[in-house]
Amino acid sequence: VFGQRIRLIMTAFLVFGALFVVVAYLAVPIVHPLVFGEQYRSAVVPCIVLLAAKCVVLVSNVFSWALLAAPENYRSVALVMLFSSLLSLTSNFMFIPVYGMVAAAASTLMCETLNLALYAWLLWRELGGQRKENVVL
């Protein structure tokens with residue numbers, strides 16, 4: 001039941017996120033300059049990438065919440081956060097001087113996608129994903 005609920009919530013957030021990113025891709029280039037002015041038109045792409053990153057966070061949080069339901073997973077979740085933070089710092093220091101705000105947004109998306117993958121793997125492992133009869137994700 002736990003795995004089914006996680007899958008249901010994750011699917012709902014995934015569908016919402018995908019639709020939101022499509023709408024953002026179509027709407028942000030029009031709305032962003034109207035709201036912030038033409039001088040900030042270069043921020044349209046980073047804005048779209050950051051909105052996509054927030055949708056990835058929405059989905060990955062489902063897995064992290066499920067993992068945090070069991071205290072024995074606190075360390076694993078903390079290690080994912082630590083690794084992701086170090087990767088974010090490193091990629092930002094390396095790429096922002098060259099590529100600017102696009103690199104900052106891309107780094108955020110990359111780290112959040114990594115979090116999603118690691119949380120999903122940890123939860124799959126936690127729910128007994130090694131055994132075919134218990135696969136729920």
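In what follows, every heavy atom counts, from backbone to side chain, and hydrogens, waters and symmetry copies are set aside.
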To the nearest 0.5 Å, atom CZ of Arg5 lies from atom CZ of Arg7 at 13.5 Å
Flag yes if Val80 and Tyr74 sit in one hydrophobic cluster, no otherwise; membership is Ile, Leu, Val, Met, Phe, Trp, Tyr, and two members link when side-chain heavy atoms are under 4.5 Å apart. yes
Identify the two heavy atoms, one from Asn92 and one from Ala104, that lie closest to each other, and give their separation to 0.1 Å. OD1-CA, 3.4 Å
If you look at every heavy atom in Pro29 and Val44, which pair is closest and at what distance? CA-CG1, 3.7 Å
Could I get the full list of side chain to side chain donor-acceptor pair (under 3.5 Å) partners for Ser76, not counting sequence neighbours? none
Hydrophobic cluster membership, with links at side-chain heavy-atom distances under 4.5 Å among I/L/V/M/F/W/Y: are Met101 and Ile48 in one? no
Test applied, side chain to side chain contact (heavy atoms under 4.5 Å, CB included); reference residue, Leu123; option that passes from Val62, Asn73, Leu67, Leu118: Leu67
Considering all heavy atoms, the nearest Ala103-Ile96 contact: CB-N, 3.9 Å
Could you measure the distance from the CD atom of Glu126 to the CZ atom of Phe63? Nearest 0.5 Å is fine. 13.5 Å
Taking the side chain as C-beta and beyond, is there a heavy-atom pair between Thr108 and Leu50 under 4.5 Å? yes
Looking only at side-chain N and O atoms, does Asn115 offer a donor or acceptor that is under 3.5 Å from a partner on Ser60? no
Atom of Ile6, atom of Ala66 and distance for their closest heavy-atom approach: CD1-CB, 3.4 Å
Closest non-hydrogen contact found for Glu38 with Pro33 is OE2-CB, 3.6 Å
Using the rule that Ile, Leu, Val, Met, Phe, Trp and Tyr join whenever any side-chain heavy atoms are under 4.5 Å apart, tell me whether Val102 and Phe95 fall into a single cluster. no
In Å, rounded to the nearest 0.5 Å, how long is the span from SG of Cys111 to CG of Leu116? 13.0 Å
Within 6.0 angstrom of Tyr25 OH, more than 12 heavy atoms from elsewhere: no
Nearest-0.5 Å distance that lies between atom CG in Leu109 and atom CG in Leu114: 11.0 Å
Hey, could you give me the CG/CG distance between Leu87 and Leu82, rounded to the nearest 0.5 Å? 11.0 Å
Would the distance check show the side chain of Thr90 and the main-chain N or O of Leu86 forming a donor-acceptor pair, the cut-off being under 3.5 Å? yes
Roughly how far apart are Ile9 CD1 and Asn61 CG, rounded to 0.5 Å? 11.5 Å
Same cluster for Phe13 and Phe16 if Ile/Leu/Val/Met/Phe/Trp/Tyr side chains link at under 4.5 Å? yes
For the residue pair His32 and Phe36, categorise the inter-ring angle as parallel (less than 30°), tilted (30 to 60°) or perpendicular (more than 60°). tilted
Applying a strict under-4.5 Å side-chain criterion to I, L, V, M, F, W and Y, I'd like to know whether Leu122 and Leu68 cluster together. yes
Show the numbers, then the answer: is there a side-chain contact (heavy atoms from CB on, under 4.5 Å) between Met94 and Ser107? CA-CA 10 Å; Met94 288 174 49; Ser107 173; over 6 Å; no
Do the non-hydrogen side-chain atoms of Val15 and Leu19 ever get within less than 4.5 Å of each other? yes
